[in-house]
Amino acid sequence: MLDLGFVRGNLEVVEAKLRARGADPAALLGDFRALDQSRRQAITQSEQLKARRNELSQQVGALKKAGQDATAVMEETRALKEKLDELDKAAAEFDEKMRLALSRVPNLTRDEVPTGKSEADNPTIKTWGEKKSYDFAPKPHWELGAELGILDLDRATKLSGARFAVYMGQGAKLERALINFMLDLHTDKQGYTEVLPPFMVNSKSLYGTGQLPKFADDLFRCSDADAACAAKGEFKDNDHWLIPTAEVPVTNLYRDEILDEARLPICLTAYTPCFRAEAGAAGKDTRGIIRQHQFQKVEMVKFVKPEDSEAEHEKLTRNAEEILELLELPYRRVLLCTGDTGFSAAKTFDLEVWLPGQGLYREISSCSNFDAFQSRRANIRYRAAGPKSKPEFVHTLNGSGLAVGRTWVAIVENYQQADGSVIVPTALRPYLGGLERIEKQK
RNA sequence: GGAGAGGUGGCCGAGUGGUUUAAGGCAACGGUCUUGAAAACCGUCGUGCUCGUGAGGGUACCGUGAGUUCGAAUCUCACCCUCUCCGCCA
């Protein structure tokens, strides 16, 4: 959510930023100026009447206490009521319209974010690692996984339908090893605290991080979740949706709280499954396990002071890159252009890992700075030490560290051998009981 | 799921229709005192919206939403959450 006062005072800037994203300011903001004016007018009038009402009510009290007749004053107050109800209703309607309009406006990208339309316009910031050369034609992971007996997509379809996977034997163990390896690195070496949050959240939480109201179709909701309410901008605390990322429960941990400055930065990491409906992704990445309805991810989330968020963003991105470096997987870092930056983000780096089986770089981590966009929605503030300090919104950040399923893919494809076996990266061996090579399962 | 109790500011906690512009305490912050610190004492101390160039004013907020009333933290209804006990259960 953008700050109302900022939008009012910088409408041209906001509109330019929205256009840079490829969004239509008119469609998003409508007649913002007129609406804002009507709203404020209704509020001012209503409050003036309320002041009058309160004054008269006090007179009634005073008169009654003095044993005098208060009928006339009571009548006058009663007469105010009709007009007041009308004004209040109008004010509430304008307010609701503004709130709903603003809730669908994406964040403003930072000035250093390059203007562009799509991922084709994302500049590459750095490239790391040497692509291995193979004296055979490297296979995609779905072939390797099936041949090794560590990935069973056919039976997953029987259980759950398309876009689900069953990992078997050392395949399952590899997934689990990756989770532990990532969490240990984040907690033991990089200063994060581990969190194990619920995998279902209410609609208020999804509003807080920006998935609702706009992206309800991308989510799986439980039968007690009222999508119609969410679409109307009513967010409940007793409905349930499957989380699309750990970002949602972890960021919302401090919703409606005021944190002490001394506690910042707060750095958390969480392993969770993630559930995505993949609405509109029909026909995309249908082979293999790149795009699933359920996948596992280790996430990093930070709450920081506004002046620190730029530096913390770089640190967080480096924390994700370190995993790829330890696993010796070639990758590159790209900066998302305005047209490709997500709804809630002000600036995003994507890490893309090299997949030789498919001959392309593939997103494996997305590290974003949200500025105060999420904290304003979720009302997460901090209070600085010192006299007369008012609570201020924190900046939130998060990034995958990493998407586990895609890391699994990257290892299988990058470390494949001519005989179809897969060498286990050295850093991961302690997590697999010293196993050096994954070979065909019985 | 059943029965009972409860939900008040950063925290604890008073408050059952009219100076409540929410008592009191703790914490925090500023000051006095002190070589420094602690203690003691004095003072400051909620959030949003809105009006105002400003000082400042108005208004709303006591779990959420409706309602009764001239007036609601206080009364009524619905819902949510927490705690205790019972039931069911991994």
Side-chain angles (χ1 to χ4, degrees), chain A residues 1-9 33 35-103 196 198-205 207 222 224-226 229-230 232-240 252-264 266 303 372 375-394:
Chain A
M1 178 99 82
L2 301 180
D3 179 62
L4 177 59
F6 180 85
V7 175
R8 184 183 297 146
R33 261 188 239 276
L35 194 58
D36 183 44
Q37 202 147 34
S38 307
R39 169 180 165 275
R40 288 197 282 166
Q41 203 167 23
I43 288 174
T44 305
Q45 286 179 9
S46 156
E47 290 190 346
Q48 279 168 358
L49 276 192
K50 279 178 185 160
R52 177 69 181 152
R53 180 199 61 190
N54 291 347
E55 193 186 321
L56 291 173
S57 288
Q58 283 198 336
Q59 282 181 27
V60 173
L63 285 170
K64 287 200 168 176
K65 212 169 207 169
Q68 294 179 310
D69 179 49
T71 321
V73 184
M74 280 165 66
E75 276 307 316
E76 191 182 345
T77 316
R78 214 191 311 257
L80 287 178
K81 227 182 175 179
E82 205 172 314
K83 182 72 180 160
L84 190 55
D85 281 349
E86 206 176 290
L87 281 168
D88 265 347
K89 207 178 148 204
E93 261 169 39
F94 287 129
D95 201 65
E96 184 61 18
K97 267 188 199 166
M98 296 262 299
R99 205 177 59 79
L100 202 54
L102 271 186
S103 75
L196 204 162
F199 303 157
M200 287 191 252
V201 293
N202 58 34
S203 50
K204 272 191 186 156
S205 297
Y207 174 79
C222 302
D224 62 355
D226 192 334
C229 282
K232 278 187 295 179
E234 293 165 23
F235 305 104
K236 303 186 167 184
D237 51 22
N238 61 332
D239 54 0
H240 298 91
N252 277 279
L253 274 175
Y254 299 113
R255 188 172 76 226
D256 293 321
E257 292 192 33
I258 300 174
L259 305 162
D260 281 334
E261 182 182 20
R263 288 186 63 184
L264 301 179
I266 295 175
F303 304 83
S375 60
R376 206 175 284 118
R377 286 171 95 96
N379 193 27
I380 306 168
R381 295 173 294 177
Y382 78 101
R383 195 191 300 275
K388 292 188 179 171
S389 58
K390 295 203 109 188
E392 249 189 277
F393 291 114
V394 300

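Please read these numbers as outputs of a predicted model, since none were measured by experiment. Letters A, B, ... are given to chains in the order of the sequence lines, protein chains preceding strands, and every chain is numbered from 1.
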**Study point:** Nucleotide B:U69, atom P - distance to NZ of A:K81 in whole Å
**Key:** 6 Å
Practice item. Pick the C1' atom in B:G46 and in B:G9, then give their distance to the nearest Å. Key: 5 Å
Point to revise | Heavy-atom pair of closest approach, residues A:F303 and A:V394 | key: CD2-CG2, 4.3 Å
Review point. In residues 89-103 of chain A, which ones come under 4.0 Å of RNA chain B, going by heavy atoms?
Key: none
Check your understanding: Rounded to the Å, how far apart are A:L80 CG and B:U69 P?
Key -> 16 Å
Check your understanding: Taking atom C1' in both B:U82 and B:U8, what distance in whole Å separates the two?
Key -> 15 Å
Review point. How far, in whole Å, is B:U20 from B:G67 if one measures between their P atoms?
Key: 28 Å
Revision key, fill the gap. Rounded to whole Å, CD of A:E392 lies from P of B:G10 at a distance of 17 Å
Check your understanding: What is the distance, rounded to the nearest whole Å, between atom CD of A:Q59 and atom P of B:G71?
Key -> 14 Å
Review point. Within the structure, does a side-chain N or O atom of A:R39 lie under 4.0 Å from either OP1 or OP2 of B:U50?
Key: yes
Review point. Can you tell me how far P in B:A66 sits from the matching atom in B:U74, rounded to whole Å?
Key: 14 Å
Review point. Mind checking the P distance from B:U76 to B:G6? Whole angstroms is fine.
Key: 13 Å
Check your understanding: Are any of the side-chain nitrogens in A:K89 or A:D85 under 4.0 Å away from the carboxylate oxygens of its partner?
Key -> no
Point to revise | C1' atoms of B:G25 and B:G13, separation to the nearest Å | key: 8 Å
Review point. With sequence neighbours left out, what residues match A:R99 under side chain to side chain contact (heavy atoms under 4.5 Å, CB included)?
Key: A:E96
Review point. Across the strands shown, which category fits A:V73 at heavy-atom distances under 4.0 angstrom: base, sugar-phosphate, nothing?
Key: nothing
Practice item. Searching all strands shown, indicate the nucleotide that pairs with B:A90 (Watson-Crick or G-U wobble; both distances under 3.5 Å). Key: none
Review point. For atom P, what is the distance between B:C79 and B:A28, given to the nearest Å?
Key: 43 Å
Revision key, fill the gap. pair_partner(B:A40), Watson-Crick or wobble, both distances < 3.5 Å, evaluates to B:U32
Check your understanding: Which part of the nucleic acid, if any, lies within contact of A:R381, taking any heavy atom under 4.0 Å across all strands shown: a base, the sugar-phosphate backbone alone, or nothing?
Key -> sugar-phosphate
Check your understanding: Could you give the CG-to-P distance, from A:L259 to B:C11, as a whole number of Å?
Key -> 12 Å
Review point. So what does A:S57 touch, heavy atoms closer than 4.0 Å: a base, only the sugar-phosphate, or nothing?
Key: base
Review point. What pairs with A:D95 under side chain to side chain contact (heavy atoms under 4.5 Å, CB included), at least two apart in sequence or on another chain?
Key: A:R39
Exercise for review: Could you list the residues that satisfy side-chain hydrogen bond (donor to acceptor under 3.5 Å, both in side chains) with A:R376, not counting sequence neighbours?
Suggested key: none
**Study point:** Heavy-atom side-chain contact between A:M1 and A:Y207 under 4.5 Å
**Key:** yes
Point to revise | Watson-Crick or G-U wobble partner of B:U84, both distances under 3.5 Å | key: B:A3
Review point. Who passes side-chain hydrogen bond (donor to acceptor under 3.5 Å, both in side chains) against A:D224, sequence neighbours left out?
Key: A:H240
Exercise for review: Could you tell me which residues satisfy ring-ring contact (aromatic ring centres under 6.0 Å, His included) with A:F393, sequence neighbours excluded, listed by chain and number?
Suggested key: none
Practice item. Report yes if a side-chain nitrogen or oxygen of A:K390 is closer than 4.0 Å to either non-bridging phosphate oxygen (OP1 or OP2) of B:G48; otherwise report no. Key: yes
Check your understanding: Taking a pair as Watson-Crick or G-U wobble with both distances under 3.5 Å, which nucleotide is matched to B:C11?
Key -> B:G25
Exercise for review: Rounded to the nearest angstrom, tell me the gap between atom CG in A:N379 and atom P in B:C49.
Suggested key: 11 Å
Check your understanding: A:L56 near the nucleic acid: base, sugar-phosphate alone, or nothing, with a heavy-atom cut-off under 4.0 Å?
Key -> nothing
Could you go through residues 253-263 of chain A and list every donor-acceptor pair under 3.5 Å that involves a side-chain atom there, pairing it with any protein atom two or more places apart or in another chain?
from: A:Y254; atom 1: OH; to: A:R263; atom 2: NH2; distance (Å): 3.4
from: A:R255; atom 1: NH1; to: A:S205; atom 2: OG; distance (Å): 2.8
from: A:R255; atom 1: NH1; to: A:N252; atom 2: OD1; distance (Å): 3.1
from: A:D256; atom 1: OD1; to: A:N379; atom 2: ND2; distance (Å): 3.2
from: A:E261; atom 1: OE1; to: A:A385; atom 2: N; distance (Å): 2.9
from: A:E261; atom 1: OE2; to: A:K305; atom 2: NZ; distance (Å): 3.2

Check nucleotides 51-56 of chain B for protein N or O atoms closer than 3.5 Å to its own N or O atoms and list the pairs.
from: B:C51; atom 1: OP2; to: A:R40; atom 2: NH1; distance (Å): 3.3

Mind listing the side-chain donor-acceptor pairs of residues 48-58 of chain A below 3.5 Å, one per line with the distance, residues two or more places apart or on another chain?
from: A:K50; atom 1: NZ; to: A:D88; atom 2: OD1; distance (Å): 3.3
from: A:R52; atom 1: NH1; to: A:E55; atom 2: OE2; distance (Å): 3.4
from: A:R52; atom 1: NH2; to: A:E76; atom 2: OE2; distance (Å): 2.9
from: A:N54; atom 1: ND2; to: A:K50; atom 2: O; distance (Å): 3.4
from: A:S57; atom 1: OG; to: A:R53; atom 2: O; distance (Å): 3.2

**Study point:** Results of side chain to side chain contact (heavy atoms under 4.5 Å, CB included) for A:A42 - residues two or more places apart only
**Key:** A:A91, A:F94
**Study point:** Residue mapping more 5' on RNA chain B - nearest nucleotide basis, A:M74 or A:A51
**Key:** A:A51
Check your understanding: Across all strands shown, which nucleotide pairs with B:A60 by Watson-Crick or G-U wobble geometry, both distances under 3.5 Å?
Key -> B:U47
Review point. Between B:A27 atom C1' and A:I258 atom CD1, what is the distance in whole Å?
Key: 14 Å
Study note, to complete from the structure: Separation between OG1 (A:T77) and CG (A:L84), nearest 0.5 Å, reads 11.0 Å
Point to revise | B:G1 and B:G10, which share atom name C1', separated by this distance in whole Å | key: 37 Å
Exercise for review: Return the 5'-most residue of the pair A:N238, A:K64 with respect to RNA chain B, ranking by each residue's nearest nucleotide.
Suggested key: A:K64
Exercise for review: Figure out the CD/C1' separation between A:Q58 and B:U69, and round it to whole Å.
Suggested key: 16 Å
Revision key, fill the gap. Pairing partner of B:G65, by Watson-Crick or G-U wobble and under 3.5 Å for both distances, is B:C77
Practice item. Could you tell me which residues satisfy side chain to side chain contact (heavy atoms under 4.5 Å, CB included) with A:K97, sequence neighbours excluded, listed by chain and number? Key: A:L35
Exercise for review: Show the numbers, then the answer: is there a side chain to side chain contact (heavy atoms under 4.5 Å, CB included) between A:L102 and A:V7?
Suggested key: CA-CA 9 Å; A:L102 271 186; A:V7 175; 4.2 Å; yes
Report each atom pair, protein N/O against N/O of nucleotides 60-65 of chain B, whose distance is under 3.5 angstrom.
from: B:A60; atom 1: OP1; to: A:R53; atom 2: NH2; distance (Å): 2.9

